[in-house]
Amino acid sequence: MTVKQLQVSAIKNGTVIDHIDSKNTFKVADILDIKHEGQVVLIGMNLSSRDLGKKGIIKIEGKKLTPEEANKIALIAPDATLNIIEDYEAVDKKRVSLEDELVGIVKCFNPNCISNHEPIRTHFHVERKDPPHLRCHYCERSMEGKDIELL
Ligand code: CTP
Ligand code: ZN
C-alpha cells in the first residue's frame with residue numbers, strides 16, 4: 001500500500017496550481033489577484049516531484065482563476081496543472097494552456113510598436129504554445145523566451 005502524504009495541507013474549496021517550475025513559484029504568485037481578497041493562500045517550493053525534480057505549488061482557498069490569470073501562468077510555468085478542489089476532492093485537473101490570442105497580457109518588445117505609444121491594448125497571436133512563441137498583431141514582431149514581458 002502506498003501512503004500518500006500532502007506536503008502542503010489540503011484545502012476545502014478553491015484552486016491548486018501544481019507542478020510549477022520551482023524557481024518561478026513566486027512569479028506565479030505575483031500575477032495572481034490574491035493580495036487584497038482576504039483569501040487563504042498556501043505556497044510550497046522546492047518540493048520533490050516525480051517528473052519535474054523540484055516543483056512549486058500554490059493553493060488558494062475560495063478562488064477561481066480568470067482567463068487572464070490562466071494565460072499568464074501558461075507563459076510563466078507551461079508545465080503547471082490547475083486543479084479545482086470541491087469539498088476536499090480534486091474534481092477537475094488540467095494542464096495550463098495558452099489561448100490563441102492574448103489581448104492586454106504581454107508588452108510588445110518593439111519600442112516603435114504602436115501599442116507602446118497609443119492607448120490600445122496589446123494583441124498577440126500565439127504561434128506556438130510550449131515554449132511560447134508570440135507574434136504582435138500590430139507590428140508583427142515575434143517574441144519568445146526572455147523577450148516576453150507580462151503587463
Ligand atoms: N489537493 C489539495 N487539497 C485537496 C485535494 C487535493 O490541496 N483537498 C492538491 C494535492 O496536494 C495535489 C493536487 O491538489 O497537489 C491534485 O490532487 P490529487 O489529484 O488528489 O493529487 P495527485 O494525484 O497526486 O495529483 P497529480 O497526479 O496531478 O500530481
Ligand atoms: Zn508590436
Side-chain angles (χ1 to χ4, degrees), residues 1-29 32 34 37 39-65 69-128 130 132-151:
M1 191 182 97
T2 49
V3 178
K4 232 179 139 180
Q5 201 181 0
L6 292 183
Q7 299 186 91
V8 178
S9 52
I11 61 172
K12 183 162 193 273
N13 291 294
T15 296
V16 172
I17 307 163
D18 199 354
H19 307 109
I20 303 169
D21 178 13
S22 196
K23 63 180 185 303
N24 292 331
T25 306
F26 280 88
K27 269 197 208 159
V28 173
L32 298 173
I34 44 182
E37 290 179 24
Q39 277 154 328
V40 171
V41 180
L42 306 172
I43 298 182
M45 64 184 286
N46 288 319
L47 306 176
S48 26
S49 156
R50 259 157 301 164
D51 23 301
L52 281 182
K54 296 287 176 196
K55 69 169 186 180
I57 189 164
I58 301 174
K59 305 186 175 192
I60 312 149
E61 190 74 62
K63 166 112 181 145
K64 284 224 163 30
L65 296 176
E69 288 171 321
N71 276 309
K72 288 182 175 178
I73 295 168
L75 286 169
I76 302 168
D79 296 323
T81 47
L82 304 179
N83 302 271
I84 308 297
I85 311 296
E86 284 176 15
D87 206 14
Y88 289 106
E89 292 292 322
V91 294
D92 188 40
K93 184 194 302 261
K94 59 171 193 278
R95 178 116 173 242
V96 288
S97 173
L98 278 175
E99 288 174 311
D100 296 332
E101 308 290 324
L102 300 179
V103 175
I105 287 179
V106 294
K107 185 178 155 54
C108 185
F109 186 66
N110 173 7
N112 298 321
C113 180
I114 190 170
S115 69
N116 286 317
H117 298 282
E118 302 288 333
I120 49 174
R121 304 182 81 195
T122 63
H123 181 167
F124 287 86
H125 306 288
V126 176
E127 299 205 318
R128 194 183 57 214
D130 185 9
H133 184 105
L134 314 179
R135 185 171 299 279
C136 180
H137 178 71
Y138 298 107
C139 72
E140 301 197 330
R141 170 70 69 98
S142 75
M143 305 198 312
E144 54 190 349
K146 284 200 281 294
D147 294 348
I148 299 175
E149 190 188 328
L150 297 177
L151 281 170

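Atoms within a ligand are numbered from 1 in the order they appear, just like the ligands themselves. Just so it is clear, the structure is predicted and the values come from calculations on it, not from any experiment.
Annotation for ligand 1: atoms under 4.0 Å from non-hydrogen atoms of His19 are 26 (P), 28 (O), 29 (O). Close approach of ligand 1 to Lys59 (heavy-atom distance below 4.0 Å) involves ligand atoms 2 (C), 7 (O), 9 (C), 11 (O). Interface of Ala10 with ligand 1, defined as ligand atoms under 4.0 Å from a residue heavy atom, comprises 2 (C), 3 (N), 4 (C), 7 (O), 8 (N). Every atom of ligand 1 is numbered from 1 in the order shown, and the set under 4.0 Å from a heavy atom of Ile57 is 15 (O).
Taking every heavy atom of both residues into account, Lys107 and Thr122 meet most closely at CA-CG2, 4.4 Å. Shortest non-hydrogen contact noted between Thr25 and Gly44 is CG2-O, 3.9 Å. Counting all heavy atoms, side chain and backbone alike, Pro132 lies closest to Leu75 at CB-CD2, 3.7 Å.
With a heavy-atom cut-off of 4.0 Å, Lys12 does not touch ligand 1 at all. At a 4.0 Å heavy-atom cut-off, ligand 1 does not touch Val8 at all.
In this structure, Arg50 falls outside the shell of residues with a heavy atom less than 4.0 angstrom from ligand 1. Residue contact check for ligand 1: Ile85 places a non-hydrogen atom closer than 4.0 Å to it.
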List the atom pairs, donor and acceptor, that lie under 3.5 Å between side-chain atoms in residues 139-151 and the rest of the protein, sequence neighbours left out.
residue : atom : partner : partner atom : Å
Glu144  : OE1  : Arg128  : NH2          : 3.0
Glu144  : OE1  : His133  : ND1          : 3.1

Determine all donor-acceptor pairs shorter than 3.5 Å in which one atom belongs to a side chain in residues 82-95; sequence neighbours excluded.
residue : atom : partner : partner atom : Å
Asn83   : OD1  : Lys93   : NZ           : 3.4
Asn83   : ND2  : Val16   : O            : 3.3
Arg95   : NE   : Pro78   : O            : 3.1
Arg95   : NH2  : Asp79   : OD1          : 3.0
Arg95   : NH2  : Asp130  : OD2          : 3.1

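For ligand 1, the polar-atom distance check against Tyr88 finds a nitrogen or oxygen pair separated by under 3.5 Å. By the 3.5 Å distance cut-off applied to N or O atoms, Glu89 is not counted among the residues near ligand 1. At a 3.5 angstrom cut-off on N or O pairs, Val16 does not count as close to ligand 1. Looking at Lys93 next to ligand 1, an N or O pair under 3.5 Å apart turns up.
With values rounded to the nearest 0.5 angstrom, Arg121 atom CZ is found 11.0 Å from Leu102 atom CG. Rounding to the nearest 0.5 Å places CG of Leu65 at 6.5 Å from CG of Leu32.
Side-chain contact of Asn46 with Ser22: a donor-acceptor pair under 3.5 Å is present, judged by distance alone.
Classified by interplanar angle (parallel below 30°, tilted 30° to 60°, perpendicular above 60°), the ring pair His123/Tyr138 is perpendicular.
Annotation: angle subtended at the Zn ion (ligand 2) by Cys108 SG and Cys113 SG is 110°, to 10°.
Checking Cys139 against the Zn ion (ligand 2), an N/O/S atom falls under the 2.8 Å cut-off.
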